[in-house]
Amino acid sequence: MDIATFAIQLLNAVQYGLVLFLVASGLTLVFGILGVINLAHGAFYMLGAYFAWWFTLATGNLFIGIVAAFVVSFLLGLLLESLFIKRLYGRDHLSQVLLSFGLILVLDKLRQIVFGRDVYSVPLPEWLSGSIQLTDLQSYPHYRVALIGFCLLVAAAIFFVINRTRIGMIVRAGAENRDMTRALGIPFDRVNRLVFAVGIALAALAGAVIAPVSTVFPGMGDSMLILSFVVVVLGGVGSVPGAAIGALLIGLIDTFGKVFLPEFAGVLIYLLMALVLLWRPTGIMGKREI
Amino acid sequence: MTNDKSVSKFAISRRGLLAASAAGATGLALGFPSPALSQGAPLKVGLMLPSSGTFAKLGQFIDNGFSLYVEQKGGMLGGRPVEFIRLDDESKPETATDNMNRLVGRDKVDFVVGTVHSGVAMAMVKVARDTGVPLIIPNAGADEATGPLCAPNIFRTSFSNWQVSEPMGKVMHYVGHRNVVSITWRYAAGIQMAKGFAEGFTKAGGTVVEELTLPFPEVEFQAMITRIAQLKPDAVFAFFAGGGAVKFVTDYAAAGLQGKIPLYGTGFLTDGTLPAQGAAAEGIRTTLHYADDLNNPANVAFLEAFKKKTGQVGDIYAVQGFDAAALLDVGLTATKGDSAARDAMFAVMGSAKLDSPRGPLAFSAAHNPIQDIYLREVRQGKNTLVSVASKGVADPARGCKMT
C-alpha cells in the first residue's frame with residue numbers, strides 16, 4: 001500500500017470513527033450518568049436522518065435541516081425524559097431494557113406513519129458537492145472533509161462543556177458517584193433531563209449529518225446501536241474521552257480490516273473488544289473498581 | 001401440444017369473451033357478485049409481494065403489470081374472472097413460510113405470484129413444493145429456484161442471477177478489459193451474481209483480480225472504493241440494488257473514479273435508481289433482460305398501456321408481472337379455465353412462447369426464462385440499449401432433476 005492510499009484509508013477511518021463518536025458520546029453520557037440502558041439510542045440516530053431529510057426537503061437548505069433535526073430531537077428528549085425515563089432511575093436493568101425496547105417499536109411505527117417506508121437521499125448544496133483531487137485517480141468529497149471538521153468541532157464543544165463549565169462539573173460528579181452528588185444537594189433532576197435530551201440529540205445529529213452521504217432508510221439505526229454499545233464498553237461506561245478513543249479504534253480496525261482481512265471484517269471489532277476487556281475489564285478509560 | 005395450437009386456442013377464447021368481459025367489468029363496477037355474470041367461480045390469485053420496505057416500489061410495479069394484463073383480458077384469465085388476494089411479504093424471509101401457508105391453507109388460492117426478495121422466494125418455493133400449489137416468481141433471481149429446487153409447479157418470468165451476470169463477463173472481455181475487480185454484498189444474490197460474472201469473464205480469458213464483498217445491507221463503501229483505486233483494475237463489476245446502488249454509484253463518482261475506471265454491473269445497479277443517482281450514473285454499462293427503449297411493438301404497446309393505467313413509466317418489474325399473468329393465461333386457456341387440471345396446464349406453460357415486451361420469451365426444462373440479455377448504457381438518465389449481449393440465454397439449471 002503506497003503512502004497516498006494509506007493516507008486516504010486513514011482519512012476514511014477517522015471520518016467513520018468521528019461519526020461513531022457522535023453517536024456513542026450520547027449513549028455513554030446517558031448510560032454513565034443516568035445509569036439507564038437506552039436501547040432506543042439507534043432509533044434516534046435513524047430519526048435524526050429522517051428529520052434532516054424532511055426539513056431539508058421542506059426548506060431547501062441542508063443546514064436548516066440538520067439544525068432542525070437536532071432541536072426537534074432535543075425537545076423530544078426533554079419530553080420523553082419527563083414522561084418515561086425519569087421513572088427508570090435506580091430501577092433494575094430489565095425494566096430499562098423493556099421500556100427502551102418498547103420505545104424502539106413505537107418510534108419505528110411513528111416513523112412509518114409520518115415519513116413512510118421508502119429509502120431517501122438528501123441532496124448536497126452546490127458548494128459542498130465537489131471533491132478534492134488527491135492522486136491522479138482519486139479525489140475526496142468536500143462534504144466528507146466538512147464532516148470531519150464538523151465532528152471535531154462538536155467533540156471539542158462536548159469536551160469544553162464537560163471539563164470547563166459548572167454543568168460539566170456536575171455531570172462528571174454524577175458519573176463518578178451518583179448518590180454522593182445527590183446527597184450534596186446538587187439539582188440532579190434537572191441535570192438528568194438535560195443529559196438525556198442532549199444524549200439523544202447527539203445521536204440524531206450524527207444521523208442528520210451522515211444523511212447526505214448515506215441513504216436514509218428504515219433500520220439504519222440498528223447496526224449503529226450495536227456499534228455504539230461496543231464503543232461505550234470499549235472506552236469505559238460514562239467516559240467521553242473513552243468513547244472518543246473507542247470510536248477511533250473501531251473506525252481504524254473496521255476500515256483496515258475490510259482492506260486486509262475482508263473475510264474477518266465483521267468479527268475484528270468484537271475480537272478487539274474481547275481483548276481490551278480481558279486487559280481492562282471496565283474499558284480503556286473506565287473507573288477502577290475499588 | 002404444440003405452441004401454435006395454444007396460441008390459436010387462446011385467440012378464439014379471447015374473441016368469445018369480448019362481450020362477456022364488458023359485462024363483467026360493468027358488474028364489478030356496480031358491485032354485483034361476479035359469479036352471477038361469469039362462467040363459474042372466480043380464480044383466486046394470491047399476490048404475495050412487498051408493499052412496504054426497500055422493495056415496496058418494485059412490488060407495486062409487478063402488481064400493476066399483472067393487473068394490467070388481467071384488465072386487458074376483461075378481468076379474466078383463461079376465460080375465468082380473477083379475484084386477487086394481496087399480501088404484503090415485507091421482504092422478510094422469517095415470516096415468509098407463514099404468509100405462504102396462509103394463502104394456500106386459509107385463503108385456498110389457485111395460484112401464487114411472488115416475490116421480489118430471494119430469501120422470501122426460497123421459503124415460498126419450499127411451501128410450493130410441499131403443497132403443489134402453482135407458483136410464478138415474477139422477480140427473485142435465486143439460482144436454486146430453477147436449479148436444485150426446481151419443480152413442475154414452479155415457474156419464473158424474470159431471470160436467474162447467473163443468467164444476467166454471466167453474459168457481462170463475455171462483454172467486458174470483448175471490449176478489452178483483462179483485470180477486473182468485482183464488488184457486492186455478501187448474501188445469496190450478490191454471491192451468485194459475482195460468481196456468474198467471474199465464470200463468463202475467466203472462461204473468456206480475463207482475470208478477476210479481487211472479489212470485494214461487504215455484509216448485507218451495509219453501505220459504508222469508502223474503504224472498498226479506496227481499495228479499488230489502489231488496485232487500479234481495468235474495470236469494476238458491481239452488484240447492488242435499491243438504496244445501496246444509489247449510494248455506491250454516487251460514492252464511486254465522488255471518489256473521482258467515474259470515467260477513469262469504468263463501472264459495469266447487472267441492470268439492478270441503475271434500474272429504478274437513476275433519478276436519485278443523477279449524473280453519477282452516466283456511462284455505466286449493465287446487462288439485463290430489458291432496456292427502457294426496446295423498440296419492438298409489444299414493448300411500445302405495453303409502455304403506452306401502462307402509462308395510461310398508472311401514469312408512470314413502465315419498467316422491467318412491471319414487464320415481469322405482466323408476463324406472469326400472460327403465462328398463467330396461456331396455461332388456463334389450454335385447460336378452458338380448469339385450474340385443477342394442473343399437469344396439462346404446466347405442460348402448456350412449459351412450452352409457451354410469449355411475445356413479451358422484453359422480446360421473445362420461452363422457458364427452459366427447469367421453467368426459467370430463455371431470453372435475450374441486452375447490454376445497456378446510462379445516457380441522459382436512461383438505460384439505453386447498446387446491443388444484444390447474448391441471444392437466447394438459458395440458465396444451466398445446475399442440480400435440477402427435471403432437465
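The chains referred to below are lettered A, B, ... by the order of the sequence lines, with proteins before strands, and numbering in each begins at 1.
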Checklist outcome for this item: CZ of A/Phe260 to CZ of B/Arg227, rounded to nearest 0.5 Å, is 7.5 Å
Checklist entry - Is it the backbone or the side chain of A/Ser223 that comes under 4.5 Å from a heavy atom of chain B, or both, or neither? => result neither
Checklist entry - Do A/Gln138 side-chain atoms and B/Gly256 backbone N/O form a donor-acceptor pair below 3.5 Å? => result no
Item to check | Crowding at CH2, B/Trp185 (>12 non-hydrogen neighbours, <6.0 Å) | outcome: yes
Checklist entry - Which distance, rounded to the nearest 0.5 Å, do you find between the CD1 of B/Ile225 and the CD1 of A/Ile8? => result 11.5 Å
Next on the checklist: Give me the atom names and distance for the closest heavy-atom approach of B/Asp251 to A/Val213.
Outcome noted: OD1-O, 4.1 Å
Checklist entry - If you take all heavy atoms of B/Ala223 and A/Val259, which pair is closest and at what distance? => result O-CG2, 4.2 Å
Checklist entry - Residues of residues 140-153 of chain A under 4.5 Å from chain B (heavy atom pairs)? => result A/Tyr140, A/Pro141, A/Arg144
Next on the checklist: Taking every non-hydrogen pair under 4.5 Å, which of B/Glu220, B/Met224, B/Arg186 racks up the most with chain A?
Outcome noted: B/Glu220
Next on the checklist: Taking CZ in A/Phe264 as the centre, count heavy atoms belonging to other residues, nucleotides or ligands within less than 6.0 Å. Is the count above 12?
Outcome noted: no
Checklist entry - What part of B/Ile261 lies closer than 4.5 angstrom to a heavy atom of chain A: side chain, backbone, both or neither? => result side chain
Checklist entry - Does a sphere of radius 6.0 Å around CZ in A/Phe101 hold more than 12 heavy atoms from other residues, nucleotides or ligands, not counting ones at 6.0 Å or beyond? => result no
Checklist entry - Around atom NZ of B/Lys195, are there more than 12 heavy atoms of other residues, nucleotides or ligands at under 6.0 Å? => result no
Next on the checklist: Nearest 0.5 angstrom please: B/Gln222 CD to A/Leu11 CG, how far?
Outcome noted: 9.0 Å
Checklist outcome for this item: Distance col, row A/Leu10:CG vs B/Thr226:OG1, nearest 0.5 angstrom, shows 11.0 Å
Checklist entry - Is it the case that more than 12 heavy atoms not belonging to A/Glu126 sit under 6.0 Å from its CD atom? => result no
